[in-house]
There are 2 protein chains.
Amino acid sequence: MDGRPSTLREQRRAETQRVIQTHAVRLFVERGYDGTTVNDVAEAAGVSPMTVYRHFPTKEDLVLVDQNGPLVADRVAATPAGQPLVHRIGGALVESARALTAGDDRFLLARLRLMISTPALRARHLDNHHVLQQAIVDGLGDEAADPDTAFRAAVAASACLAAMHTALVRWATEDGRGDLPDLISEAFAAAFGDAAPRPR
Amino acid sequence: MDGRPSTLREQRRAETQRVIQTHAVRLFVERGYDGTTVNDVAEAAGVSPMTVYRHFPTKEDLVLVDQNGPLVADRVAATPAGQPLVHRIGGALVESARALTAGDDRFLLARLRLMISTPALRARHLDNHHVLQQAIVDGLGDEAADPDTAFRAAVAASACLAAMHTALVRWATEDGRGDLPDLISEAFAAAFGDAAPRPR
DNA sequence: ACCAGGATGGTAGTAACTATCAATTTGGGG
DNA sequence: CCCCAAATTGATAGTTACTACCATCCTGGT
C-alpha cells in the first residue's frame with residue numbers, strides 16, 4: 001500500500017508527529033502521565049489540541065506509536081519452514097530487538113518505563129501483541145491454512161511475545177544496561193528450553 | 001486479610017455488585033459496550049451512577065471484575081517443585097479452567113466475547129495477566145529467590161498465560177462448544193511441546 | 001501562478017471519571 | 001428492643017479525554 005514516506009507532505013507529517021511525541025514523552029517523564037493533559041502537550045509542541053488528536057487518536061498513542069512498521073511478521077515469514085514455530089518467531093523477535101537497540105536507547109527506554117509504570121499504557125501495549133500475533137499468523141500464509149495449525153501458530157506467537165515482553169520489562173528495570181537481544185534469547189530458553197522441541 | 005464475605009454487610013455488598021454487573025453485561029451485549037453509558041447501567045440496576053462508580057472504579061471493571069479470587073497462584077505453589085515450571089503452571093491453569101467452566105457457562109462466555117471484541121476491555125484483561133504473573137512468582141517463595149530464577153519464572157508464567165489466553169479466544173469464538181481445559185492443554189502442547197523439556 | 005486537497009484551528013458537545021458534602025440505612029452490642 | 005457508629009448511598013459541580021462540524025490556511029504538483 002504505502003511504503004516509507006515518499007512525498008514531501010508525508011515527510012512533514014512524520015516530522016510534526018515526531019515533534020509532538022518527543023514533547024509528550026518529555027512531559028510525561030517530568031510530570032507523570034496522569035499529571036499531564038493533552039492540552040499541555042499541545043502547548044509544549046506549539047500546536048493546537050486538535051492537531052494532537054489528529055496525529056494521535058488517543059493519549060496513549062503519544063507513547064505507544066512506533067514509526068517502525070510491522071516488520072516482525074515479515075521476518076518470521078522469511079524463516080525456513082522446517083523449524084519449530086517458537087524458534088522461528090523467537091529468532092525474528094531477537095533480530096528485531098537488535099535493530100531497535102542499535103540507535104539511541106534513551107527515547108526507547110523512557111517510553112518503556114512509562115509503559116511499565118502506567119496501567120493504561122501497559123494494557124494498550126500488551127494489546128498490541130494481538131495485532132502482531134495476527135500479522136505473524138497471517139504472514140505464514142498457506143503454512144497455517146487449516147484452523148488447527150493456525151491455532152498452534154497463534155499460541156506460539158502469543159507465548160513468544162509474552163516471553164519477549166517479560167524480557168523487555170527486565171531490561172527497562174535494569175535501565176537498559178544488559179544486552180536486550182541476549183535477554184530475550186535467555187527468556188526464550190527459559191520458556192521453551194534450550195534444545196529445540198523435536199518436530200514430529 | 002479478608003476471606004469470603006462473612007458479615008451480612010459484605011454479603012449485601014457482594015449482592016448489589018452482582019446485580020449491577022449482571023445488568024451491565026446484559027446491556028453491553030444488547031447495545032454494545034461503547035453504546036452503553038455508565039448512567040444507563042445505573043438506571044437499569046436501579047441505583048445512582050455514584051453507586052456504580054463506588055463498586056466498579058472503571059467502566060471496564062463492570063465486565064472484568066471476577067469474584068473468584070487469585071487461586072491460580074496457590075495452585076502453582078502447591079505443585080511439586082521438581083517439574084519444569086511451564087508444566088506446573090500449565091497444570092494449575094487447566095485445573096482453574098475446569099473449575100471455572102463447571103457451573104453456568106453463559107455469563108462467562110458473554111463476558112469473554114465482550115473482552116475479545118472491545119479493545120479497551122481486551123487490553124485491561126491482558127494487563128490482569130501482569131497481576132497473576134506476579135502472584136505466581138511470589139507464590140514460589142524461596143524457589144525463586146535470586147533475580148535470575150525469578151526472571152525465568154516470570155517468563156514461564158507470562159508465556160503460559162498468553163497461551164491460555166489464545167485458547168480462551170478460540171473457545172469463545174467457537175461459542176464454548178469445545179472443552180476449555182482440553183483446549184488449554186492443546187495450547188500448552190503447541191507452545192512447549194508434548195514432552196517435558198528436561199530439567200538441568 | 002494556480003488551485004485542489006490536505007493540514008490546522010475554533011467551537012460546542014458527550015461521557016468517563018473525581019471530590020466533596022449531605023442524607024439515609026444498617027446491624028451488632030447494651 | 002433500641003441506639004449509635006459506621007457504612008452505604010445520593011446530589012452537585014468540576015476536570016479531562018475525545019468527537020463532530022465547519023471555516024481557514026497552507027502546500028505542492030501540474
Side-chain angles (χ1 to χ4, degrees), chain A residues 1-2 5-21 23-25 27-28 31-65 67 114 118-125 127, chain B residues 1-2 5-21 23-25 27-28 30-65 114 118-125 127:
Chain A
M1 293 298 169
D2 81 82
S6 52
T7 79
L8 297 190
R9 235 171 201 151
E10 284 168 6
Q11 285 183 22
R12 281 169 175 269
R13 183 173 179 81
E15 175 59 15
T16 60
Q17 271 196 18
R18 205 192 55 77
V19 170
I20 293 174
Q21 194 181 34
H23 283 281
V25 170
L27 288 179
F28 291 160
R31 316 180 191 174
Y33 180 76
D34 292 326
T36 310
T37 71
V38 177
N39 286 37
D40 292 341
V41 174
E43 193 178 2
V47 296
S48 83
M50 281 303 311
T51 302
V52 176
Y53 284 120
R54 286 247 174 60
H55 288 268
F56 300 90
T58 74
K59 187 182 178 184
E60 292 140 16
D61 287 326
L62 285 167
V63 178
L64 299 177
V65 160
Q67 32 281 76
L114 283 172
T118 310
L121 292 175
R122 199 175 51 216
R124 284 290 296 255
H125 172 61
D127 191 46
Chain B
M1 293 297 170
D2 82 79
S6 52
T7 80
L8 298 190
R9 236 173 198 148
E10 283 168 7
Q11 284 183 21
R12 280 169 177 270
R13 185 173 178 81
E15 174 60 17
T16 60
Q17 271 196 20
R18 204 192 55 77
V19 169
I20 293 174
Q21 194 181 36
H23 283 282
V25 171
L27 288 179
F28 291 159
E30 287 175 10
R31 315 180 192 172
Y33 180 76
D34 293 326
T36 309
T37 71
V38 175
N39 286 37
D40 293 340
V41 174
E43 193 178 3
V47 295
S48 85
M50 280 304 310
T51 301
V52 175
Y53 284 120
R54 286 245 175 63
H55 288 268
F56 300 90
T58 75
K59 187 182 178 184
E60 292 139 16
D61 287 326
L62 284 167
V63 178
L64 299 177
V65 160
L114 283 171
T118 310
L121 291 176
R122 198 174 51 215
R124 285 291 295 258
H125 173 62
D127 190 47

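All chains are named by letter (A, B, ...) in the order of the sequence lines, taking the proteins before the strands, and each is independently numbered beginning at 1. Because the structure is predicted, anything quoted here is derived from the model rather than measured.
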- Any side-chain heavy-atom pair from B:T58 and B:L64 closer than 4.5 angstrom? no

- Message: Can you measure A:E10 atom CD to D:dG28 atom C1' for me and round it to whole angstrom units?
- Response: 13 Å

- Message: I need the OH-P distance between A:Y33 and D:dT16, as an integer number of Å.
- Response: 14 Å

- Query: Reckon A:P49 touches a base, only the sugar-phosphate, or nothing at all at heavy-atom distances under 4.0 Å?
  - Reply: nothing

- Message: From the set C:dC17, C:dG10, D:dT19, return the single nucleotide nearest to any side-chain atom of B:Y53.
- Response: C:dC17

- Query: So, the side chain of B:Q21 versus the backbone of B:V65: is there a donor-acceptor pair under 3.5 Å, distance only?
  - Reply: yes

- Kindly indicate whether the side chain of A:R54 and the base of C:dG6 share any N or O donor-acceptor pair separated by less than 3.5 Å? no

- What's the CG-C1' distance between B:D61 and C:dT18, to the nearest Å? 15 Å

- Specify the residue among A:T58 and B:H55 whose closest nucleotide of DNA chain D lies further upstream toward the 5′ end. B:H55

- Side chains of A:E60 and A:H125: closer than 4.5 Å at any heavy-atom pair? no

- Task: Using the closest heavy atom to pick a nucleotide of DNA chain C for each, name whichever of B:D34 or A:G46 lands nearer the 5' end.
- Result: A:G46

- Within this structure, what is the CD-to-P distance between B:Q11 and C:dT26, rounded to whole angstrom? 15 Å

- Output the single nucleotide from C:dT8, C:dA16, D:dT9 whose closest atom is nearest the side chain of A:T51. C:dT8

- For B:E15, what residues pass the salt bridge (Lys or Arg N to Asp or Glu O under 4.0 Å) criterion, not counting sequence neighbours? B:R18

- CG of B:L62 versus P of C:dA15: gap in Å, rounded? 16 Å

- Can you check the B:R13 CZ to D:dT9 P distance for me, whole Å? 7 Å

- Separation of D:dA17 C1' from A:E43 CD (nearest whole Å): 17 Å

- Minimum-distance nucleotide to A:V38 side chain [options: C:dA15, D:dA17, C:dC17]: D:dA17

- Message: Counting only side-chain nitrogens and oxygens, does A:S48 get under 4.0 Å of the OP1 or OP2 atom of C:dT8?
- Response: no

- Query: A:M50 CE to D:dC18 C1': how many Å, rounded?
  - Reply: 10 Å

- Side chain of A:R12 only, please: which of C:dA7, D:dC18, D:dG28 is the nearest? D:dG28

- Message: Heavy-atom count check: over 12 atoms from other residues, nucleotides or ligands less than 6.0 Å from B:E43 CD?
- Response: no

Shorter than 3.5 Å, N or O on both sides, protein versus nucleotides 2-5 of chain C: list them out with atom names.
| unit_1 | atom_1 | unit_2 | atom_2 | d |
| --- | --- | --- | --- | --- |
| C:dG5 | N2 | A:R9 | NH2 | 3.1 |

- Can you find a pair of side-chain heavy atoms, one from B:T16 and one from B:V47, that are under 4.5 Å apart? no

- Message: Would you say that A:L62 contacts A:F28 through its side chain, given a criterion of any heavy-atom pair below 4.5 Å between the two side chains?
- Response: yes

